[in-house]
There are 2 protein chains.
Amino acid sequence: MEPKETKTRLLDAAEHLFAENGYHGTSLRMITTAAGANLAAVNYHFGSKEALIEAVIERRLLPLNRLRTERLQALLADADNRAAAPDLRQTLAAFIEPTLSFRHAGPGNRDFIALIARAMADPNDTARNIFISRVLPVFKLWHQCLSQALPQLDAKTLSWRLHFAIGALSHIMHNLDKLPPADAMPPAADSAREITEMLLSFLCPGMEAPQ
Amino acid sequence: MEPKETKTRLLDAAEHLFAENGYHGTSLRMITTAAGANLAAVNYHFGSKEALIEAVIERRLLPLNRLRTERLQALLADADNRAAAPDLRQTLAAFIEPTLSFRHAGPGNRDFIALIARAMADPNDTARNIFISRVLPVFKLWHQCLSQALPQLDAKTLSWRLHFAIGALSHIMHNLDKLPPADAMPPAADSAREITEMLLSFLCPGMEAPQ
DNA sequence: ATATATTTCAAACGGTTGTTTTAATCAACC
DNA sequence: GGTTGATTAAAACAACCGTTTGAAATATAT
């Protein structure tokens, strides 16, 4: 097979190095060296270092968001057909299952998760803003789905509980490598499904608890 | 009152600037200027930039850990006296309540929380390792307390649910400023208690759900 | 094969970083 | 009150950063 395009090699190297060393901690010299390209290649192909990380984020995030949106919209359509509220567990699963599976879906995805964790805590707004602006519509759709599945909750309680769920999910996403510390872990291949079940069993009772 | 020691002024300025701009994003020149000190002051008083952030972290974290440890140990002692298992909600509250109250306990604490969030995602190991090594003993104590409050759970399930709870808590800690986006928020003074109640009502049913 | 874009290359730019050095200033103590 | 030790001050250090430049090389199209 012919070697990849320089642009793709730059994206791959940047994804890996940004995940490992953060945005500031990764220099264009490191990226271009790892990609086997010239130092000026990033500025030539992307315009700047910021435009590079923007491209890195969008490459992985847009397909994942498409997956989650499809599942949530299918759930809404089905509930509408049955003239009933969507099931809570299915609503949670529609967002959580694709998210947790994402790590195992491709070679660069684990790096991408680490990159996002870094970006969310980075003082540099650009990466975080790119991520948030792309994720917010899916959160809104999820929120809408949940408010139909849990009509007995007032808006404020639902908002808080949604944030609790997001916190549990994202914490697991970012720290899956390192935990649990002592216990034997199931093999990575089917762990996504098992963790999903574990998380859903935990979240469902909390979401529908009396106020 | 006499002006604070240079060392204290450096700690205060570093805490604020590290929280705002991150570790790499904050230069010694910014810190020493804000503290009204000479550029060489950090290397003179602390030895290096890394030793400085280590001192910044310990100053706030050790008292907080003392609070949490005291409450958890009091709970264990009380349960031992009554020859019964500690109450689940009280066990969760013993760790969560001091943590959420911490933000409002002092002027620099909010900055400190932001700093920790940055440190956890920072590629520089030192800050993260300092934080983890100081927090791990309290987590272990919490875990021990919870395993007594929930004897029906096997070790693996408890570990996962503990991580889910930690995720929900830390997500709220780091993002309290920004959420919920639209709803009216209670005044900051008593919000810690209200959020604690909200979080406990969410976590309790999840923790004791059947496996 | 020639002419025209496109891509790569080496080199240098101005600027900031953490740290070190040397001298000046300040404090406390015999 | 002079001396010793702690602190502050200004300047220079070498190293690295993202970006730009202009020429060389490559690929594309006529």
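Proteins get letters first, then strands, A, B, ... in listed order; numbering begins at 1 in each.
Scored by the side-chain contact (heavy atoms from CB on, under 4.5 Å) test, B:R89 finds B:D87, B:E197, B:L200, B:S201, B:C204 as partners (sequence neighbours excluded). Remark: A:F102 engages A:F112 in a ring-ring contact (aromatic ring centres under 6.0 Å, His included) (not counting sequence neighbours).
Using a 4.5 Å heavy-atom threshold, the side chains of B:I130 and B:L61 count as separate. Contact annotation: the side chain of A:L67 never approaches that of A:T99 to less than 4.5 Å [non-hydrogen atoms, C-beta and beyond].
Residue B:E5 contributes atom CD, which lies 12 Å from atom P of C:dA27 at whole-angstrom precision. Residue B:N38 contributes atom CG, which lies 5 Å from atom P of D:dA9 at whole-angstrom precision. In this structure, the NE2 atom of A:H24 is 11 Å from the C1' atom of D:dG18, given to the nearest Å. Atom pair B:R9:CZ and D:dT8:C1' shows a separation of 11 Å (rounding to whole Å applied). Spacing between atom OH of B:Y44 and atom P of D:dT7 amounts to 4 Å, rounded to whole angstrom units. Atom CD1 in B:I31 sits about 15 Å away from atom C1' in C:dT16, given to the nearest Å.
For the pair A:E15 and A:L115, the tightest heavy-atom approach, listed with the atom from each and the gap, is O-CD1, 3.8 Å. Of all heavy-atom pairs between A:L169 and A:F95, the closest is CD2-CE2, 3.8 Å. Among all heavy-atom pairs drawn from A:L17 and A:A34, the shortest one is CD1-CB, 4.0 Å.
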Atom pairs under 3.5 Å: protein N/O with N/O of nucleotides 19-23 of chain C:
residue, atom, partner, partner atom, Å
C:dT19, OP2, B:N43, OD1, 3.4
C:dT19, OP2, B:K49, N, 3.2

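Between the CG atom of A:L199 and the NE2 atom of B:H163 there is a distance of 13.0 Å, given to the nearest 0.5 Å.
Secondary-structure stems of DNA chain D, taken as three or more successive Watson-Crick or G-U wobble pairs (i with j, i+1 with j-1) under a 3.5 Å distance threshold, comprise C:2-6 with D:25-29, C:8-30 with D:1-23.
A sub-4.0 Å separation between OP1 or OP2 of C:dT16 and a side-chain N or O of B:S27 is absent. A sub-4.0 Å separation between OP1 or OP2 of C:dT8 and a side-chain N or O of A:H45 is present. The side chain of A:T6 places no N or O atom within less than 4.0 Å of a non-bridging phosphate oxygen (OP1 or OP2) of C:dT7.
Applying the salt bridge (Lys or Arg N to Asp or Glu O under 4.0 Å) test to pairs two or more places apart or on separate chains, those with a residue in residues 29-58 of chain B are B:E58-B:R134.
Residues from residues 14-23 of chain A that place a heavy atom under 4.0 Å from any atom of DNA chain C: there are none.
Side-chain contact annotation: B:S101 with B:E97, donor-acceptor N/O pair under 3.5 Å present.
For the pairing with B:L52, the side-chain contact (heavy atoms from CB on, under 4.5 Å) check across B:V42, B:N43, B:I57 returns one residue only, B:V42.
Residue A:T26 is classed as a sugar-phosphate contact, given heavy-atom separations below 4.0 Å to backbone atoms only.
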